[in-house]
Protein chains: 2
Amino acid sequence: MKRPTIADIARRAGVSKGAVSYALNGQPGVSEATRQRIVAIAQEIGFNPNSAARALSGASARAVGLTLCRPARILSIEPFFMGLISGFEQELAARSFALTLQVVATPQNEIDVYRRWWGERRVDGVFVTDLRENDIRIPVLNELQLPAVVIGGPGDTGNLAQLWSDDAGAITEAVRYLMALGHRRIARVGGLPDLLHTQTRTRAFTEVCASLGLSEAVTVPSDYTGEEGGRATRRLLINAERPTAIIYDNDVMAVAGLSVAQEMGLSVPGDLSIVAWDDSPLCSLVHPPLTALSRDIAAYGAHAARQLLAAIAGEPVKDVEEGTAHLTPRGSTAPPRET
Amino acid sequence: MKRPTIADIARRAGVSKGAVSYALNGQPGVSEATRQRIVAIAQEIGFNPNSAARALSGASARAVGLTLCRPARILSIEPFFMGLISGFEQELAARSFALTLQVVATPQNEIDVYRRWWGERRVDGVFVTDLRENDIRIPVLNELQLPAVVIGGPGDTGNLAQLWSDDAGAITEAVRYLMALGHRRIARVGGLPDLLHTQTRTRAFTEVCASLGLSEAVTVPSDYTGEEGGRATRRLLINAERPTAIIYDNDVMAVAGLSVAQEMGLSVPGDLSIVAWDDSPLCSLVHPPLTALSRDIAAYGAHAARQLLAAIAGEPVKDVEEGTAHLTPRGSTAPPRET
DNA sequence: CTGAAAGCGCTTACAG
DNA sequence: CTGAAAGCGCTTACAG
């Protein structure tokens with residue numbers, strides 16, 4: 001089956017190829033009557049502009065890129081990225097932008113991919129996640145002048161637009177809630193320590209606990225996996241003065257923590273309260289369902305996509321702090337049992 | 001920053017653009033010495049061929065597409081797709097093929113996307129999942145002659161290559177295992193009933209149970225979500241003659257089933273044994289960890305990608321039955337408690 | 001072995 | 001308002 005081109009449309013409409021292009025792209029240069037005739041023909045023969053030809057003649061590639069830097073087995077059960085992708089798609093699909101995905105092993109590989117994408121003109125811009133301190137990807141993106149939106153700061157990103165959520169506010173709410181329930185020994189199992197938003201959370205957690213007089217508040221660094229989250233939980237719970245509540249930086253570790261508590265014969269929430277960061281269906285799947293810090297990841301992704309599309313269009317893009325996650329109490333939190 | 005082109009390389013090497021193209025693509029037509037010189041220059045200036053120009057001049061787009069037809073909230077915790085994507089990438093990245101992703105709402109939308117991708121020449125081929133009976137996508141793909149690999153049959157796919165796993169063998173193993181443990185009332189919570197591989201499983205489950213004399217074996221249809229999986233479990237467990245073992249068509253429903261059992265005060269595996277289809281880190285995350293039918297989803301995806309790349313290259317591609325998932329016993333299965 | 005040229009299917013100044 | 005033409009950066013017959 002041969003793909004129809006603008007030449008086919010031009011022939012059938014009795015106009016030039018240029019006129020067809022103007023008509024289909026809503027440019028001035030054709031009369032309204034002609035435009036309608038051309039659009040009708042395009043519709044009828046099921047015309048879609050060849051994306052390569054379009055990209056080659058200076059227009060955009062109509063594609064944006066996302067690199068995923070996680071081992072396969074973590075990616076597969078980490079709900080965050082799929083939620084984000086769903087959000088991206090809401091905006092991208094509406095404007096017929098494609099999303100190009102690449103799984104990478106290291107930030108250095110990520111840079112290689114950006115350079116290649118840029119050289120190939122494969123994408124018009126990229127989403128960047130997992131911002132780190134002195135992130136090596138940032139200067140490269142700035143040098144290439146590849147439009148980008150950085151998710152997960154805030155941090156130093158040069159000219160690149162940023163989107164982050166109010167992590168400090170969220171953790172403050174969680175700690176206050178646990179304290180109101182009567183908890184005094186609150187611990188946290190953190191995400192990857194070199195990510196900037198993890199550092200923000202750690203700092204805020206330490207500060208709010210100090211200001212509330214919770215001197216024993218401790219953060220155990222972890223890596224978002226169930227294995228590590230479980231191990232960190234075990235280490236916390238074997239202490240004589242074990243915490244009565246633990247906040248986890250993601251839902252996967254929180255579920256693993258719940259399992260460890262059950263395995264050690266501790267009841268949740270009787271002996272241990274659990275709060276998961278980032279609500280996902282996973283939190284409602286287990287028993288008891290997990291109290292969580294909820295935010296709309298898809299909306300977050302959609303917002304990032306709007307920013308990226310604006311940056312690609314050359315519009316000025318402001319850094320944005322998305323709203324604070326709110327606490328959704330479920331069965332995993334309660335006043336600590338008297339001992 | 002200006003992107004280097006073959007013209008730049010040609011100038012620096014003192015040859016024609018054609019020669020550069022031949023050299024970089026390993027075509028005959030340049031001497032070995034020239035080729036090496038050209039390759040060195042390309043390397044030095046960080047040349048990547050403009051993918052649009054390449055695609056436009058007849059070569060392939062070096063991209064393949066995947067549509068995901070699931071609501072966002074299911075996608076986010078359904079480990080299967082991310083596992084599959086990781087597998088795709090192993091093969092695609094090695095040959096610098098990009099993966100284009102699109103989230104869609106219905107099979108009809110999926111068809112629209114295929115038509116658009118074909119018209120835009122955006123992808124060279126597509127992965128098709130969730131094969132149904134009389135699948136409306138198949139005739140369209142055959143009509144467009146868009147190379148495709150269909151995952152999740154077997155079924156009638158015309159000229160399109162297929163890859164599936166031996167679902168009948170796997171469920172037979174699971175049922176035999178439960179029976180060996182002493183179970184006689186075995187139920188199954190199935191996936192989306194209109195998917196062909198669900199039908200294969202249902203048929204095989206019914207047959208093997210019948211042949212083993214398990215007359216009460218029943219499949220409750222469900223939809224892969226935790227909510228529905230939990231509901232189906234509850235319905236099974238409120239029966240006087242409740243099953244002593246349940247097989248779930250995915251890990252998410254199995255975890256939900258575990259929660260429901262716990263919520264109803266039943267012990268797992270004492271009162272109820274649970275087997276999850278498709279092992280994922282999720283199965284090891286809960287307590288007790290779930291006995292599962294394990295298969296290497298990433299390898300499955302990699303295999304599909306090799307098939308698709310071969311189909312795109314115009315090579316003959318055979319339908320393939322991937323190996324049988326094997327049972328990984330964990331804490332969620334045991335002999336039924338005497339009552 | 002190498003060079004000059006056509007062509008892929010668009011977009012976009014440039015004339016009329 | 002419309003047409004003819006150049007050009008994007010490659011690939012690939014076609015001559016030499």
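Naming convention: chains lettered A, B, ... in sequence-line order (proteins, then strands); numbering from 1 in each chain. From a predicted model like this one, the values you see are computed outputs, not experimental measurements.
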Measure CG/B:Leu24 against P/D:dG9 and give the value in whole Å, please. 16 Å
Would you say that A:Leu141 contacts A:Leu160 through its side chain, given a criterion of any heavy-atom pair below 4.5 Å between the two side chains? yes
What's A:Val20 touching, base or sugar-phosphate or nothing? Going by heavy atoms closer than 4.0 Å. nothing
Given 3.5 Å as the limit, does a donor-acceptor pair link the side chain of A:Asp319 with the main chain of A:Gln162, or not? yes
Within less than 4.0 Å of OP1 or OP2 of C:dC8, is there a side-chain N or O belonging to A:Thr5? no
Phosphate contact (C:dT12 OP1 or OP2) by A:Ser57 side-chain N/O below 4.0 Å: no
Closer than 4.0 Å, any side-chain N/O of B:Asn50 to the OP1 or OP2 of D:dC8? no
Check the distance between C:dG9's C1' and A:Asp8's CG and give it to me in whole angstrom. 11 Å
Where the side chain of B:Thr34 is concerned, which of D:dG9, C:dT2, D:dG3 is the nearest nucleotide? C:dT2
Nearest-nucleotide comparison on DNA chain C, the residue closer to the 5′ end among A:Ala53 and B:Lys17: B:Lys17
In whole Å, what is the span from the CZ atom of B:Arg121 to the C1' atom of C:dC8? 9 Å
Output yes when a side-chain donor or acceptor of A:Asp124 lies under 3.5 Å from a complementary backbone atom of A:Arg62, and no otherwise. yes
Which nucleotide sits closest to the side chain of A:Ile6: D:dT11, C:dC10, D:dG9? C:dC10
B:Arg62 CZ to D:dC10 C1', in whole Å, measures 13 Å
What's the CZ-C1' distance between B:Arg37 and C:dT2, to the nearest Å? 12 Å
NZ/NE/NH1/NH2 to OD/OE distance under 4.0 Å, A:Asp8 and A:Arg11: yes
Calculate the interatomic distance between A:Glu32 atom CD and D:dT2 atom P; express it in whole Å. 11 Å
Can a salt bridge be assigned to the pair A:Glu315 and A:Arg306 using a cut-off of 4.0 Å between side-chain N and carboxylate O? no
For a quick check of understanding: with a heavy-atom distance under 4.0 Å over all strands, which category does A:Ser51 fall into, base, sugar-phosphate or nothing? nothing
Using OP1 and OP2 only, check whether a side-chain N or O of A:Ser31 sits under 4.0 Å from D:dT2. yes
B:Arg54 CZ to C:dG9 C1', straight-line distance once rounded to whole Å: 18 Å
Please write out each protein N/O paired with an N/O of nucleotides 14-16 of chain D under 3.5 Å, distance rounded to 0.1 Å.
none

So, does A:Arg3 use its side chain to make a donor-acceptor pair with the main chain of B:Trp118 at under 3.5 Å? yes
So what does A:Ser21 touch, heavy atoms closer than 4.0 Å: a base, only the sugar-phosphate, or nothing? base
Would you say the side-chain atoms of B:Asn142 pair up with the backbone N or O of B:Pro139, donor to acceptor, closer than 3.5 Å? no
Its dot-bracket string being built from Watson-Crick and G-U pairs below 3.5 Å, with | for another strand and [ ] for crossing, DNA chain D has the pattern |||.||||||||.|||
Quick check: does any side chain N or O of B:Ser86 sit under 3.5 Å from a backbone N or O of B:Ala298, one acting as donor and the other as acceptor? no
Atom pair CG (B:Leu196) and OG1 (B:Thr157), whose distance is rounded to the nearest 0.5 Å: 10.0 Å
Can you measure B:Leu56 atom CG to C:dA6 atom P for me and round it to whole angstrom units? 17 Å
Do side-chain atoms of A:Arg35 reach the backbone of A:Ala23 as a donor and acceptor pair under 3.5 angstrom? yes
